[in-house]
Amino acid sequence: MSDNALPKGYEPRDVESRWRAHWEGNKTFTPDLDAPGEPFSIVIPPPNVTGALHMGHALNLTIQDILCRHARQKGRKVLWVPGTDHAGIATQNVVERGLAKEGKGRHDLGREKFIERVWEWREEYGTRILNQIRAMGASVDWTRERFTMDEGLSRAVRQVFVKLYDDGLIYKGDYIINWCNRCHTALADDEVDHLPRKDHLWQLRYPLADGSGELVIATTRPETMFGDTAVCVHPEDERYTAFIGKMVKLPLTDREIPVIADNYVDREFGTGALKVTPSHDHNDWELGHRHKLEFLQVIDENGVMNEHAGIYAGLTKEECRKRVVADLAAQGVLVKEEELDHSVGHCYRCKSVIEPHVSTQWFVAASKMAPRARAAVPAATQIFPDNWEKTYYNWLDNIRDWCISRQIWWGHRIPAWTCGDCGKLIVAVDAPERCACGSANLTQDEDVLDTWFSSALWPFSTMGWPDDTRELKTFYPTSVLVTGFDILFFWVARMMMMGLHFMDEVPFRHVYIHALVRDAEGRKMSKSTGNVIDPLEMIDKYGTDSLRFTLAAFAAMGRDIKLSEERIEGYRHFVNKLWNAARFALMNLPDDEVPAPVDLDTVQGLHHRWILHRLEEMKESTDAAIVGYRFNDAAQGMYRFIWNEFCDWYLELIKPDMQAGGERKAAAQHVLLTVLRETLTLLHPIMPFITSEIWAALPGNAGTDLAVQPFPAARPGCVRAEDAARMELVQGVIGAVRTIRAELNIAPSLRLTALVRTANEHDRQVLEENRQMLLVLARLENAEFGPAIEAPKASASNVVSGNEVIVPLTGAVDFEAELARLDKELGKIEKDLVQVNKKLANESFVDKAPAEVVAKERARAGELADAKAKLEALQQRFREAIS
RNA sequence: GGGCGGUUAGCUCAGCUGGUAGAGCGUCGGCCUUACAAGCCGAAUGCCGGGGGUUCGAUCCCCUCACCGCCCA
């Protein structure tokens, strides 16, 4: 036995920190650009600097790491770029909250000081998320870490802005946009969450100006009525045709507004008549332009009513609504108030209600860039699973121009200057010194760009664009983007547009959309619900490998993951199992030198031949599963192989070999080491730490790193399906004896005798050759095999592929139990037999089903009938014995 | 309103191109068997959401209904 055995328990903490330090210190994951091998690259979805690692990140990183480590094993040149995102609004909010504690606002500091403050903040906390990426074991290239506000990336942003402006794809103008009063900035359409909300629908009486009647309109926003500049009905709505073209009096004001007609109106909703407020509603904005209405703004950018609201000026929009409704009710204008379930836009950063607001903003003409991005899927970029294609198309087909200016300070400032003298607008990469008119009186636009604008460039900006770098040449387009569906629009579609425009090539060949991680009840994890499972806490308690394996095992394509701590705890048992298997192996292997090799193609011993065969199958299936993004198959396949085959059978079967010594031991050592080495390699992408640790402890591996070992080569000579079948027979006989023992309550310590009346010479020979396996694993003192074996009358029995397994019973045995057991067994067989016979009796089945299927059923019917007959005979004999 | 997905063992979920329903966890029974009690051996459990259709044959394909979830308007 070895004296440098592994410690009794696996201690993830020490092991993980050691390997992390080793990999980072040695720059193990920095690719050699001159190395041979096909490139494989991934850019990390950059987490927010404000962020802390959550389960979504943990899953995202695990998947990417599996892909990268696997690609390295397959000899590819792998680059995985890490980095973080400056997250404009979110980060600014965090720093502003900090300031608020000091009783200050950002305006008290001024722009420059405030930005300095944000940078300080990011220096302090920006590394936190990076260390959490480290904790996950992510094999990123730390020498290429990027931040969206880096000098290089900022230059890329300015360059892109200027180019798009020159190409006519960026423009500035007054439009209605989504305004967050709290964050005090414009938001893009997809940054608005539509959340369900109980509200009211009020019906209001608008009298005709000529006194000839009245029109009842329905609205959810009475406070905006001061901005009404029309009432709209459906042109074919007979209730209202007479009103079209007339004027109505706007209550609470002295204004009169026209009644217009437009197909946009839903006749079924409310009263079929609606008030039109072009400055405060997206649809009304469209109506306003179509019908050339007046645009009247009544709510300011703080959510306060302005002078157009008359006596309501100065009230917040919420207060104003209450007062207006009360006053309308008092004046008899309010006809009806009803409950309404609808959805209302909320800021995705702060969850306050979004106000449609007209202002001067910058836009990307996304509608012009979308068609190319659409056409690239699936021709140049494939989405996995492909049902997301539809969602992708749907969004691009309905895309509106993208509002990219934000009225905050933290971010890439828009590279546009206005001349104070001639009014000319200058858009340039670097700050211009003077205007063409000669004036030096230039002021830069106050706004910054949407964070997603810089994220959209990530796949090429991180590789050094606009310079023509080797990284770009080698690694662009990236191989795959791994992300959640929640940012398919924000990010994926925009990267496609930008990549195609600037690189003339898609940014990634594949997009793998992974699941959302939910809690055990299927709810989204959120701090407010309090159902968050913190990955760092899980890592601390169970180790990173347990967490990674759990996530991989549940990462079935296209399905959400319901996670609970118990699952992670459960997979820690697997980690422990592997550790102990390795300990056992090491105890039975020489300390330093590699055991003398034997020829694996011709090695004797069914257990060796079988496990080597299974190992070949595992290589193929694991590789196929990872390449096909079926991580759950990869994980579960390894789990079963290691636990149910390698540990439960193989390790048990080599124990006698190890005791026997000599050549038998030498062969067992060599096969054991081979299987363990290659199994660790296969498992390494999912569980990098424990596999590396065990690897380094194996004889001959001291000082080597599993992370740089190649994928185990195929060993065609070891593919032997017939040995797998032989093994199955042996396992079946062992199982039959074990079942008898357990069901008849025979003590495990009692050594039994087993007799097998064999079905044919082949089976007899297999059992004979593997007598020792049966003796050890079925706990027998004796075993006999042959075609003419007669069962002693008092014996329990079972049938395995036509072989009658007989266990003579001695001493006190529960005879009734054996009878009941045989009845149960026969019941099962009969049930199957009836079903199969029914099938075979069906003429059209025999007629129309493929010949091989029919043949298979016939064979099965024969087997079942045979087993039935044998069992019945055995049962009869047993009855005679006990009567 | 439009789109997507789900419904399989007590729980969580696999089940690729239709051909004998699987796993993990949990449950029950028996074991300290020299790597592992975080373990070993054995067992039980399913109108594969309802209805209809295609087919010799449907968990799988088509239609429909119900319930649940998500996205977009």
Side-chain angles (χ1 to χ4, degrees), chain A residues 1 5-6 8-10 189-190 193-194 266 268-269 282-283 342-343 385 387-391 393-395 397-398 485-486 488-489 516 518 520-524 542 546 550 553-554 556-564 566-567 569-588 624-625 628 630 632-633 635-637 639-640 643-644 647-648 651-652 655 659 734-735 737-749 776-779 821 824 831-833 835-836 838-840 842-850 852-854 856-857 860-861 864:
Chain A
M1 287 225 180
L6 292 170
K8 183 134 170 84
Y10 175 58
D189 293 337
D190 56 358
D193 285 337
H194 295 270
D266 175 1
E268 307 298 316
F269 186 79
H282 286 102
N283 294 311
H342 69 153
S343 64
N387 49 315
W388 287 104
E389 279 179 10
K390 264 195 181 170
T391 310
Y393 294 148
N394 190 49
W395 190 72
D397 291 342
N398 297 301
F485 62 83
D486 47 333
L488 188 62
F489 309 141
L516 215 60
R518 300 172 176 280
E521 272 85 57
R523 294 170 306 180
K524 211 165 169 169
Y542 306 111
S546 301
T550 307
F554 283 99
M557 227 195 277
R559 234 196 214 244
D560 283 350
I561 297 178
K562 286 190 203 167
L563 191 73
S564 65
E566 290 75 56
R567 296 185 192 294
E569 198 185 347
Y571 279 111
R572 184 184 50 165
H573 297 179
F574 176 60
V575 172
N576 185 250
K577 186 74 180 175
L578 177 64
W579 185 253
N580 279 297
R583 281 182 61 223
F584 171 79
L586 284 168
M587 288 174 191
N588 287 286
R630 289 179 287 110
N632 57 326
D633 286 351
Q636 278 162 10
Y639 184 100
R640 269 143 91 160
W643 200 312
N644 303 122
C647 291
D648 288 351
L651 293 188
E652 293 304 324
K655 283 178 182 173
Q659 273 160 12
I734 292 170
V737 176
R738 282 172 170 176
T739 301
I740 288 168
R741 185 192 289 278
E743 299 227 327
L744 299 188
N745 279 313
I746 300 168
S749 50
V776 173
L777 293 192
R779 311 204 112 228
R821 202 185 62 75
K824 197 180 69 182
K831 202 178 139 204
D832 286 353
L833 190 57
Q835 214 184 329
V836 177
K838 211 168 120 192
K839 229 176 185 181
L840 288 168
N842 182 350
E843 278 178 38
S844 42
F845 170 74
V846 180
D847 238 28
K848 296 183 181 172
E852 77 236 35
V853 174
V854 178
K856 219 169 124 191
E857 291 296 321
R860 190 168 137 75
L864 286 168

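The figures here come from the full heavy-atom set of this structure, side chains too, leaving out hydrogens, waters and symmetry mates. Here is the naming used below: chain letters follow the sequence lines, and residue numbers restart at 1 for every chain. Here the structure is a predicted model, which is why all the values come from computation and not from measurement.
The phosphate of A23(B) (OP1 or OP2) has no side-chain N or O of Y571(A) nearer than 4.0 angstrom. Between W643(A) and the phosphate of A35(B), there is no side-chain N or O to OP1/OP2 separation shorter than 4.0 Å. In terms of phosphate contacts, R738(A) brings a side-chain nitrogen or oxygen within less than 4.0 Å of OP1 or OP2 of G42(B). A close approach under 4.0 Å does not occur between any side-chain nitrogen or oxygen of K577(A) and OP1 or OP2 of C36(B). Residue K8(A) places at least one side-chain N or O closer than 4.0 Å to OP1 or OP2 of C36(B). Residue H573(A) places none of its side-chain N or O atoms closer than 4.0 Å to OP1 or OP2 of C36(B). The shortest distance between the side-chain N/O atoms of S749(A) and the OP1/OP2 oxygens of C31(B) is not below 4.0 Å.
With a cut-off of 3.5 Å on both Watson-Crick or G-U wobble distances, the partner of U20(B) is given as none.
When distances are taken from the side chain of R583(A) to each of C56(B), C36(B), C4(B), the shortest belongs to C36(B). Among G30(B), C56(B), C72(B), the nucleotide with an atom closest to any side-chain atom of P748(A) is G30(B). The side chain of K655(A) has A35(B) as its nearest neighbour among A35(B), U12(B), G19(B).
Using C1' as the reference atom, C60(B) and A14(B) are 14 Å apart when rounded to the nearest Å.
Within the 4.0 angstrom heavy-atom criterion, no nucleotide atom of any strand lies near F574(A). Within 4.0 Å (heavy atoms only), D648(A) reaches sugar-phosphate atoms of the nucleic acid but no base atom.
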